[in-house]
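Below you'll find the structure, written out as C-alpha cells, and then a few comments.
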Amino acid sequence: MMHQNPSLSEVHESIDTTLPRKGWRRILAYFGPAYLVSVGYMDPGNWATDLAGGAAFGYQLIWVLLLSNLMAVLLQSLSARLGIVRRLDLAQVNRETYPPVVNFSLYVLAELAIAATDLAEVLGMAIGIKLLTGMPLMYGTIITVTDTFLFLYLQRYGIRKMEAFIILLVATIGFSFFIQLFIAKPDLSYAIKGFVPSNLSPEALYIAVGIIGATVMPHNLYLHSALVQTRKINRNVPGIKKSIFYNFIDTVVALNAAFFVNAAILILAATAFYATGHKEVAKIEEAHSLLAPLLGSKLAPILFAVALIAAGQSSTVTGTLAGQIVMEGYLKLRLNPWIRRLLTRLLAITPAVLVIGIMGEERVDALLVFSQVILSLQLGFAVIPLIHFVSDKNKMGEFAIGIKIKIFAWIIAAILVYLNSHLVIDFVGDFFQNSNSMILKIGLIGLVLLFLGLLLFITFYPLTLKNKPQSDADFHGMPIELDWSDDLPVHRIAIAVDFSVTDAKLIKKAVQQAHPSGFEHTPHQDTQFIFIHVVESVTANYLQDASDDAETRKDQERLDTYANALISKGYQVKTCLGYKNRVKEIVRIVNECDAQLL
C-alpha cells in the first residue's frame with residue numbers, strides 16, 4: 001500500500017496529547033473535533049424541519065429529535081474511531097478500497113453534498129442578515145463571499161484557535177435560544193412528555209422523516225475522521241483506547257449541545273406558534289416576523305437572527321475543511337485554501353443568486369428543499385463504507401467494532417437510506433407531475449438507477465474483498481536463491497521520505513546499512529545519504545523545479561532538517577525534491593544520483 005499524505009497536513013498531529021498534563025487539562029487536550037462537527041447538526045438547513053414540527057405538532061416530536069441525536073452520536077463516534085486507528089480519513093480509505101471509477105463517482109457525490117450544504121448555509125446567513133438589517137436577500141447572499149477571508153484568517157492561527165471560534169459561535173446560538181425560551185416561558189411539563197415516543201399521524205410522520213433524514217450530514221463523517229488526527233497520541237494499545245474513549249465523550253457532549261439547539265427551536269415554535277394557533281408556520285422568515293407580537297418582546301427576533309447568522313457562519317468554516325479533506329483524500333489534489341474556499345462558495349452562491357434574481361425571494365425555500373434532496377442522495381454513500389471500514393478486523397485489529405454495535409450501525413444505515421429514498425422518490429414524483437419533457441424524465445430515471453447501482457456496489461464490494469482467497473504465490477511470491485558471494489559495501493543510499501512518523505524508522509534502517517560489520521558506531525567515510533521527497537502541490541505540478549510556493553519551501557525545510565541531523569553525526573547528505581508523479585520522480589532521482597539502495 002502506498003502511503004497517503006496525512007489528512008489536513010497543515011495541522012496534522014499539531015496538538016500533542018502525550019505531554020504530561022494534570023486533571024481536566026489532560027482530557028481537554030482531546031476535546032474540540034466534535035464541536036466543529038456539531039455545527040452541521042444545527043445549520044440553517046435543519047431549522048425549517050424543527051420550526052415546522054414545533055408549529056404543527058407542539059412538543060410531540062421531541063423524541064424524534066432525541067432518536068436522531070443518538071444515531072448521530074453512534075455514526076460520528078465510528079468516524080472518529082476510523083481516523084484514530086487507521087490514521088486515514090474516510091476519503092483516503094475509500095480511495096484505498098474501491099476501484100478508480102467508483103472512487104471518482106464518490107468524490108463527485110461528496111463535492112455535491114458539500115456544495116448543497118454550503119448552499120443552505122449561504123441562504124441561512126443571507127436570511128439572517130436580511131432579518132437583522134432589512135437588507136435585500138440578494139445583497140446578503142453576495143456578502144457571504146467575504147467569509148472566505150475569515151476562514152483564511154482563522155487558519156493562520158492553528159486548529160485550536162479555529163475550534164475556539166466555532167465553540168464561541170455554538171455558545172452564541174445556545175445562549176440566544178436560552179434567552180428566547182426564557183422569554184417564551186414554555187410549559188416544561190408538556191415538553192418533558194414530548195420525550196416519550198407516541199403514535200404519529202401521517203402528517204407528523206412526514207415531518208419526523210424530514211428531521212431524521214437530515215440528521216447525519218455526509219460531509220461530517222469525512223470531517224470527523226480527519227479532525228481527530230490533529231491530536232498526536234501514543235500509538236500503542238492503551239494510547240489508542242484512551243483516544244477513542246475521550247473522543248467518544250467529546251462527541252456525546254458536542255452533539256448533545258446540537259440537540260439542545262434543535263430542541264430549543266422546536267420548543268420555541270411549539271410555545272410561540274402551536275399554542276397560539278399559528279400551526280402553518282414553516283418558513284424561517286415567517287417565524288421571525290411572528291416572534292415579537294406573539295411573545296411581546298423585541299429582543300426575541302433579534303436573537304433569532306443573530307443565532308441564524310452564527311449557525312451559517314460556523315457551518316461554512318467546517319464545510320471548507322470538509323471540502324479540503326474530500327479533494328485531497330479522493331484525488332490527492334491540493335489547492336491553496338483560499339482558492340478552494342472561493343470555488344466552493346461561488347458554487348453555492350451562483351444558484352442562489354440566479355434563483356433570487358429570476359424567480360424572486362419567495363422561491364428560496366424551494367431551493368433549500370432541493371439542497372436537502374442532494375444531501376439525501378449522498379448520505380448512504382458515506383455511511384455504508386464507514387461501517388464496512390470500522391468492522392474490518394484485518395485493518396482495525398482489536399479496535400474493530402463488535403457485533404452489537406455493528407447491528408445497531410447497519411440498522412441506522414438502513415433507516416437513513418430508506419427515509420432519504422422516500423424523500424428522493426417524492427421529489428421525482430413531483431418532478432414527473434410538473435414536467436412535460438420526456439427527455440428530462442428519462443434522464444432522471446437513468447440517474448436514479450445509476451445511484452442505485454453505485455449504492456449496491458459500495459455495499460457488497462468490500463464483502464468480496466474479505467472473502468477473496470489469496471494463494472501462497474500471490475501472498476508470499478516465488479522462492480528465490482540469494483547470492484552472498486559478493487557482499488560489497490553500499491556507498492549511496494536513497495531515502496524517500498513523506499514527513500510522517502515512519503520516516504524515523506526508514507532513516508534508522510538506512511543508517512544501519514552504512515556501517516561496515518564490526519564498526520556499528522563509525523560513519524563510513526564514502527557513504528552518502530540522498531533524501532528524496534516529491535512535492536504534490538498544484539503549483540509544483542505545473543512549474544516543477546521553477547515553483548516557489550509555500551508547500552515547496554516547507555518541504556525543502558523539512559528535508560534540510562533531516563539532512564542536518566545526519567550531517568551533525570558525520571555523514572554525507574544530499575537532498576532532492578521531485579515534482580508531480582511520485583513513482584516516476586523517485587526512479588529518476590535514484591538513477592541520476594546512481595543510488596545503490598533505496
Side-chain angles (χ1 to χ4, degrees), residues 41-69 120 124 127-128 131 173-215 256-308 311 362 364-366 368-369 372 419 423:
Y41 295 93
M42 59 183 90
D43 77 337
N46 290 330
W47 286 39
T49 53
D50 296 335
L51 286 170
F57 304 103
Y59 306 111
Q60 186 182 4
L61 298 180
I62 294 179
W63 70 271
V64 178
L65 276 177
L66 180 62
L67 177 64
S68 65
N69 184 64
I127 292 171
L131 298 180
I173 300 167
F175 179 76
S176 297
F177 278 107
F178 178 79
I179 298 298
Q180 289 177 76
L181 289 179
F182 181 78
I183 296 170
K185 295 181 174 59
D187 190 332
L188 294 180
S189 62
Y190 283 104
I192 291 172
K193 290 179 182 177
F195 284 94
V196 180
S198 58
N199 292 327
L200 301 177
S201 65
E203 294 80 10
L205 184 62
Y206 181 80
I207 294 179
V209 167
I211 291 173
I212 295 176
T215 296
N256 275 321
F259 168 71
F260 166 79
V261 169
N262 285 309
I265 296 172
L266 190 145
I267 291 171
L268 182 68
T271 306
F273 310 134
Y274 179 79
T276 57
H278 296 78
K279 298 183 180 182
E280 301 301 320
V281 175
K283 295 183 179 180
I284 293 173
E285 291 186 64
E286 289 178 358
H288 177 268
S289 63
L290 288 172
L291 279 176
L294 293 178
L295 298 181
S297 170
K298 293 182 179 179
L299 180 61
I302 293 174
L303 291 172
F304 186 87
V306 169
L308 185 58
E362 62 275 5
V364 165
D365 288 287
L368 272 172
V369 171
Q372 297 307 303
L419 294 180
L423 184 62

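Model, not experiment: these values are computed from the prediction.
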Excluding sequence neighbours, so at least two apart, what forms side chain to side chain contact (heavy atoms under 4.5 Å, CB included) with Leu303?
Ser176, Ile179, Gln180, Leu299

Hey, could you give me the CH2/CG distance between Trp63 and Asn69, rounded to the nearest 0.5 Å?
14.5 Å

Applying the side-chain contact (heavy atoms from CB on, under 4.5 Å) criterion to Leu266, which one of Val261, Ile62, Val64 satisfies it?
Ile62

Output every pair passing side chain to side chain donor-acceptor pair (under 3.5 Å) with a member in residues 258-273, not counting sequence neighbours, ordered by first then second residue.
Tyr59-Thr271

Which atom names give the shortest non-hydrogen contact between Gly53 and Leu61, and what distance separates them?
CA-CD1, 4.0 Å

Partners of Phe304 by ring pair (Phe, Tyr, Trp, His ring centres under 6.0 Å), sequence neighbours excluded?
Trp47

Scanning both residues in full, the closest heavy-atom pair of Ala307 with Phe177 reads CB-CE1, 3.8 Å

I need the minimum non-hydrogen distance between Phe273 and Ala55, along with the two atoms involved.
CB-CB, 4.0 Å

Ala305 and Gly128 have their tightest heavy-atom pair at CB-O, 3.9 Å

Using every non-hydrogen atom in the two residues, find where Ala258 and Met42 come nearest and quote the distance to one decimal.
CA-CE, 3.4 Å

Hey, what do you get for CZ (Phe259) to CG (Leu66), rounding to the nearest 0.5 Å?
5.0 Å

Kindly compute the distance separating CD1 (Ile267) from CZ (Phe260), expressed to the nearest 0.5 Å.
8.0 Å

Side chains of Asp50 and Leu268: closer than 4.5 Å at any heavy-atom pair?
no

